[in-house]
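Written below as structure tokens is the structure these notes are about.
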Amino acid sequence: LRERLAKLPHAAPAQAASLAGQLRRDLGLDDDHPHWQAFLAAREPHHDGRDTRALLTHHLLAPRDREARRLISRMSGETAVMVAVSPLTLVDMALVAWRHLAMVDRLCRLYGLELGYAARLRLLRSVLYQMAFAGVSEIASEASMQMLSMDLAGKLSTRAAQGLGIGLLAARLGLRTQRLARPLDFSVDEAPRMADLRRDLWQQLRRLDAGDEKAKPRHP
């Protein structure tokens with residue numbers, strides 16, 4: 001589907017309409033779904049593939065993108081807090097692995113993918129491969145932000161800093177999964193940013209640390 005939709009900007013109006021219908025079916029939307037009805041109301045017969053792509057992104061995918069952003073932020077934050085408050089490292093790692101798989105599965109379902117066991121493993125392997133061998137330009141652009149993360153971690157307790165590291169890994173995993181599961185590639189200005197998730201994580205862990213400090217007994 002992604003290969004076919006990649007040709008959408010060059011499609012004639014009739015072909016673009018056919019591809020739009022295929023995307024609707026793959027997302028699991030019925031004919032009277034509000035998002036699909038909004039797309040139909042906005043689309044004109046003369047709209048070519050480029051116009052259709054913009055309308056599909058706005059009406060069908062943008063709501064799912066926002067939900068995916070909330071899901072990644074919530075699950076990576078919960079994982080970070082779980083690691084920060086748990087004293088059991090071995091249990092941490094087992095729960096983290098389980099939560100990572102659960103996040104991948106939920107993101108896939110959000111974009112209309114129902115994965116079997118083998119497909120889930122293949123997707124996870126592809127996500128991890130992309131994470132391990134990210135482009136040089138991406139690594140260079142994020143180098144300064146990684147330094148910022150190290151500086152922020154220095155302002156947290158040891159356990160909270162560990163939680164920050166695990167939370168950032170979960171967030172990166174979520175963003176990579178979203179890129180692979182989304183039927184249409186993100187444009188440059190549409191792509192979700194790691195910086196936003198990093199800020200959310202740090203704020204959650206700062207609040208956790210602040211709460212711990214207030215809970216400590218004070219002696220004269």
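Just so it is clear, the model here is predicted, and its values are computed rather than measured. Only heavy atoms go into these numbers, but all of them, side chains included; no hydrogens, no water, no symmetry mates.
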Exercise for review: Considering only NZ, NE, NH1 and NH2 on the basic side and carboxylate oxygens on the acidic side, decide whether Glu67 and Arg64 come within less than 4.0 Å.
Suggested key: no
Check your understanding: Distance from Leu197 atom CG to Ser76 atom OG, nearest 0.5 Å?
Key -> 6.0 Å
Point to revise | Note: Asp31-Arg24 ion pair, threshold 4.0 Å (strictly below) | key: yes
Taking distance alone, no hydrogens or angles, what donor-acceptor pairs closer than 3.5 Å link side-chain atoms of residues 94-103 to residues at least two apart or in another chain?
from  : atom 1 : to    : atom 2 : distance (Å)
Arg99 : NE     : Thr79 : OG1    : 2.8
Arg99 : NH2    : Met75 : O      : 3.4
Arg99 : NH2    : Glu78 : OE1    : 2.7

Practice item. Answer yes if Leu27 and Leu107 sit in the same cluster of Ile, Leu, Val, Met, Phe, Trp and Tyr residues linked by side chain heavy atoms under 4.5 Å apart, and no otherwise. Key: no
**Study point:** Any Leu19 side-chain heavy atom under 4.5 Å of Thr52 side chain
**Key:** no
Point to revise | Gln178 and Asp65: CA distance, side-chain angles, deciding distance, side-chain contact (heavy atoms from CB on, under 4.5 Å) verdict | key: CA-CA 8 Å; Gln178 184 183 12; Asp65 295 339; 3.8 Å; yes
Exercise for review: Would you give the length of the straight line joining atom CD of Gln22 to atom CZ of Arg4, rounded to the nearest 0.5 angstrom?
Suggested key: 4.0 Å
**Study point:** Min side-chain heavy-atom separation Leu23-Phe39 under 4.5 Å
**Key:** no
**Study point:** Polar contact flag, side-chain donor to acceptor under 3.5 angstrom, Glu190-Ser187
**Key:** yes
Exercise for review: State yes or no: do Leu71 and Leu61 share one hydrophobic cluster built from I, L, V, M, F, W and Y residues joined by side-chain heavy-atom distances below 4.5 Å, directly or via other members?
Suggested key: no
Check your understanding: Same cluster for Phe186 and Leu5 if Ile/Leu/Val/Met/Phe/Trp/Tyr side chains link at under 4.5 Å?
Key -> no
Exercise for review: Nearest 0.5 Å please: distance from the CG atom of Asp48 over to the CG atom of Leu8.
Suggested key: 9.0 Å
Check your understanding: For atom CZ of Arg50, is the number of surrounding heavy atoms from other residues, nucleotides or ligands below 6.0 Å larger than 12?
Key -> no
Point to revise | Euclidean distance, Glu114 CD relative to Asp26 CG, rounded to 0.5 Å | key: 12.0 Å
Check your understanding: Between atom CG of Leu184 and atom CZ of Arg182, what is the distance when rounded to the nearest 0.5 Å?
Key -> 6.0 Å
Point to revise | Expected output: side-chain Ser73 to main-chain Arg69 donor-acceptor under 3.5 Å | key: no
Exercise for review: Answer with yes or no whether the hydrophobic clustering places Leu180 together with Leu110; edges join I, L, V, M, F, W, Y residues whose side-chain heavy atoms lie under 4.5 Å apart.
Suggested key: no
Exercise for review: Give a yes or no on whether Ile72 and Val81 share a hydrophobic cluster (residues Ile, Leu, Val, Met, Phe, Trp, Tyr; joining criterion: side-chain heavy atoms under 4.5 Å apart).
Suggested key: yes
Practice item. Taking only Lys NZ, Arg NE, NH1 and NH2, and the carboxylate oxygens of Asp or Glu, determine whether Arg43 and Asp51 approach each other closer than 4.0 Å. Key: no
Check your understanding: For residues 42-70, which residue pairs qualify under ring-ring contact (aromatic ring centres under 6.0 Å, His included), counting only residues two or more places apart or in two chains?
Key -> none
Check your understanding: Has Arg193 got more than 12 heavy atoms of other residues, nucleotides or ligands less than 6.0 Å from its CZ?
Key -> no
